[in-house]
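Each chain gets a letter, A, B and so on, in the order the sequences are listed, and its residues count up from 1.
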Amino acid sequence: MTLDTIWVYAEGDSDALSSTTQELLTKARDLADTVAVVYAGDGDDISDHAGEYGAETVYATGDLEGALVGVPVAAAIAAAVETGDGPDAVLLGTSYDGRDIAARLSVALDATVISNVVDIEVDGDSLVGTEPIFGGTSDIKTKFTADGVKILLVRPKSFEAEPSGGDSADVEDLDVPDLGSSGGATVTNRHAEESEGPKLDEAALVVAGGRGLGQAESYEMVEQLAAKLKGAAGASRAIVDAGWVPYSSQVGQTGKVVKPSVYIAAGISGATQHLVGMKGSKNIIAINKDPEAPIFGVADLGIVGDVHKVIPKLLEALEAR
Amino acid sequence: MKVAVCVKQIPDPADPGALDPETRTLKRDVKLILDESDSYGVEMALQLVDTAGGGEVVLVSMAPNSERSGLSTALAMGADSATLVSDPALVGSDALTTAKILAKVIGEQSPDLVIAGSESSDGYTGTVPEQIAGVLGWPSVTAAKAVEVSGSSMNVQRQTDAGYDEVECPLPAVISVTAGVVEPRYPSFKGIMAAKSKPVEEKTVADLGMSADQVGWAGSGQEVVSVVDAPVREAGEKIEDDGEAHLKIIDFLESVKAI
């Protein structure tokens, strides 16, 4: 059993679709006969990429002139649904914009959202989402019980992305209706922080620091180790909340989901909120003073010791190689 | 300037919760606390009112029982009053229903600005702030890390994957804030004493002009069909650092071809 049509909200640009969008399109092909994407921009920019992952059509809003995408994109999808041209389900990645659109769309259609989804199955003419709770110790399955469009917010890295090798997708206009004052939030300036090395959620190796570092200055050795191993530096929620590192570095339930080949947790105790964001890593190394720290429960190699002693020696030894 | 802050009272995350097998909702019969994520919103509201030279900070919350301990914390930080929608019928409400209820209360309060945490620490759907804005028909800026109000609009620094955007937004509006953007103050002894006499108004679903079948499980459009244990990851070797543990790490990294 499959649904007729699923729309995936596409993030990315003319260079590539985001990895989450590729994952969602791959899954959508299993769930529905027809897959299309919604894009906030010029549809021609992504029509080749979208087709490659199985989308038949790109519904594009065109240039939104700096407006935050939540309100206009949701209004455009809702307008299509009202004229009978909409999908059975909309899949969005859990990102800043994905959440905004899902939330606005749910209000516009008076339809519930299933959030934090890591797996999706068809059940009759409905969908069932799987969501991890309690830091991933349990999974709940939640089914849509109402008719109408099903909206799912899917966590990154829930599915393996696989191209379908399809032809370039058709591009169609998705008209944005008049938004009134609700669409008044407009970007006036964009600031990109310079970052070296791979992105946290794409890196093959991640070194993350936690409260066990003791002070903000000690985070530098986490960054040094990440750089030395050509990986990315991450952080637990505790030290983000403390203001040592920016939110963009946070790994966990709140924050980024990472699945690197190697994850090194330095001074992280392993609260459930953290584990849910990293326990899909292939290999986990944990360094922590407390032998009872929950992080050791998921570590392939656990070092009971002081990060301030182990990491400098590790850096030195790597330097000498 | 009047700022409404949405706050949630949750079980202490240090003592992870459990699902009630009957209702398949989070057990909330334990003592609830103010979600730490919301303390940033409360702090930001207090600072904005301060900067504006006066005004008030009102709290809006919802809970199936008459729980107030988390509200007391926020009142002790300096918020002026609170409205708590409390009704047994609320059990099982989805994020959209939650937003509809909070938006009703906020509509009655007519604030200039609504602040909410980006996501709660327990349910973490992360959609409620934007849904509130949708129900009210107001603009919104999620993932705000700094806010400057001038007259009838505000300039917000909004987090992005690459850094941040400056966003201009007319008021009234809704913003969501992530943890760490401000330093939440600790309630002073004076604040704790003052909180005891601050008004907390309790409302039921009916008081808001809504019926029981519009909220809770009945109104939610989704149901939990099963709860299963997630696959467990096996732990590997655990060793005590004898001064040479870094060599173990190097061996491990070599064995998985990371170096």
Side-chain angles (χ1 to χ4, degrees), chain A residues 68 70 96 99-100 102-104 106-107 111-116 128 132 134 136-146 181-182 184-193 205 229 240-241 243 247 253-254 261-262 272 279 283 285 296-305 310 313-314 317, chain B residues 13 16-17 94-96 119 121 124-127 130-131 133-135 137-143 159-170 178-180 183 220-230 233 235-241 245-250 252-253 256 258-259:
Chain A
L68 292 187
Y96 297 116
R99 275 182 164 175
D100 284 2
R104 288 279 178 173
S106 85
V107 174
T112 196
V113 183
I114 299 185
S115 301
N116 294 308
V128 175
F134 307 137
T137 53
S138 298
D139 286 332
I140 60 171
K141 291 191 179 216
T142 311
K143 182 178 172 179
F144 290 94
T145 54
S181 62
S182 67
T186 310
V187 177
T188 54
N189 224 333
R190 296 189 195 275
H191 299 261
E193 282 156 13
L205 183 145
L229 294 169
V240 172
D241 286 4
Y247 179 71
Q253 174 179 302
T254 321
S261 171
V262 179
T272 52
K279 70 177 188 175
N283 299 286
I285 302 172
F296 290 125
V298 299
D300 301 288
L301 174 63
I303 308 289
V304 181
V310 178
K313 280 189 192 164
L314 180 57
Chain B
D94 66 348
L96 179 57
E119 64 185 51
S121 302
Y124 76 111
T125 65
T127 54
E130 186 79 14
Q131 285 169 320
V135 175
W138 292 359
S140 54
V141 185
T142 50
Q159 265 154 0
T160 62
D161 285 326
Y164 69 94
D165 288 348
E166 282 177 55
V167 181
E168 193 69 31
C169 182
T178 49
E183 178 82 38
S220 88
Q222 55 174 277
E223 64 174 352
V224 176
V225 290
S226 70
V227 184
V228 293
D229 288 339
R233 193 189 164 102
E237 190 186 4
K238 185 165 91 175
I239 59 160
E240 193 93 27
D241 178 28
H246 59 286
L247 298 175
K248 269 295 237 212
I249 296 177
I250 291 198
F252 186 92
L253 291 173
V256 299
I259 50 174

- request: Compare every heavy atom of A:Val310 with every heavy atom of B:His246, then report the nearest pair and how far apart it is.
  value: CB-O, 3.9 Å

- prompt: Is A:Asn116 reaching over with its side chain to a backbone N or O of B:Tyr124, donor-acceptor style, under 3.5 angstrom?
  reply: yes

field: Test item: side-chain donor near acceptor, B:Thr125 and A:Arg99, under 3.5 Å
entry: no

- request: Please round to the nearest 0.5 Å and tell me the distance separating atom CD1 of B:Ile259 and atom CG of A:Leu229.
  value: 7.0 Å

Side-chain donor-acceptor pair present, A:Thr254, B:Glu119, cut-off under 3.5 Å: yes

query: Would a distance-only check, ignoring hydrogens and angles, find a side-chain to backbone donor-acceptor pair under 3.5 Å from B:Glu223 to A:Thr142?
result: no

message: Can you tell me which portion of B:Asp229 sits under 4.5 Å from chain A's heavy atoms? Options are side chain, backbone, both or neither.
response: both

field: Derivation of the salt bridge (charged side-chain N to carboxylate O under 4.0 Å, His left out) call for A:Asp300 and B:Arg233
entry: CA-CA 9 Å; A:Asp300 301 288; B:Arg233 193 189 164 102; 2.8 Å; yes

Under 3.5 Å side-chain donor-acceptor pair for B:Gln131 and A:Ser106: yes

query: Which pair of heavy atoms, one from B:Pro139 and one from A:Arg104, lies closest together, and at what distance?
result: C-NH2, 3.8 Å

- prompt: Given a strict heavy-atom distance threshold of 4.5 Å, which part of A:Ala299 is in contact with chain B: side chain, backbone, both, or neither?
  reply: backbone

message: Once rounded to the nearest 0.5 Å, what's the spacing between atom OG of A:Ser181 and atom CH2 of B:Trp138?
response: 10.0 Å

- request: Would you give the length of the straight line joining atom CG of A:Asn283 to atom CG of B:Leu253, rounded to the nearest 0.5 angstrom?
  value: 9.0 Å

- line: When the 4.5 angstrom heavy-atom criterion is applied to B:Ala95 and chain A, the contacting part is neither

- request: Side chain from CB out, backbone as N, CA, C, O: work out which of these in A:Val113 comes under 4.5 Å of a heavy atom of chain B, or both, or neither.
  value: both

field: Options A:Gly243, A:Gly297, A:Gly305, ranked by heavy-atom pairs under 4.5 Å with chain B, top entry
entry: A:Gly297

query: Quick one: do the B:Gln222 and A:Thr112 side chains pair a donor with an acceptor below 3.5 Å?
result: yes

query: Quick one: CD on A:Gln253 to OG on B:Ser121, what's the gap to the nearest 0.5 Å?
result: 7.5 Å

- prompt: Going by heavy atoms in the side chains, are A:Leu68 and B:Val167 under 4.5 Å from each other?
  reply: yes

- request: Verify, without hydrogens or angle tests, whether A:Arg190 (side chain) and B:Asp165 (backbone) share a donor-acceptor contact under 3.5 angstrom.
  value: no

message: Distance check, rounded to the nearest 0.5 Å: A:Tyr96 atom OH versus B:Thr142 atom OG1?
response: 9.0 Å

message: Do A:Val304 and B:Ile239 have side chains that approach each other closer than 4.5 Å (heavy atoms only, starting at C-beta)?
response: no

field: Shortest non-hydrogen contact from B:Gly137 toward A:Ser182
entry: O-CB, 3.4 Å

query: For the side chain of A:Thr188 and the backbone of B:Glu168, is there at least one donor-acceptor N/O pair under 3.5 Å apart?
result: no

field: Residue part contacting chain B, namely of A:Leu301, when any heavy atom lies under 4.5 Å
entry: both

field: Heavy-atom side-chain contact between A:Ser115 and B:Thr127 under 4.5 Å
entry: yes

Worked check of side-chain contact (heavy atoms from CB on, under 4.5 Å) between A:Val128 and B:Val225: CA-CA 9 Å; A:Val128 175; B:Val225 290; 4.2 Å; yes

Pairwise side-chain contact, B:Ile249 with A:Ile303, heavy-atom cut-off 4.5 Å (strictly under): yes

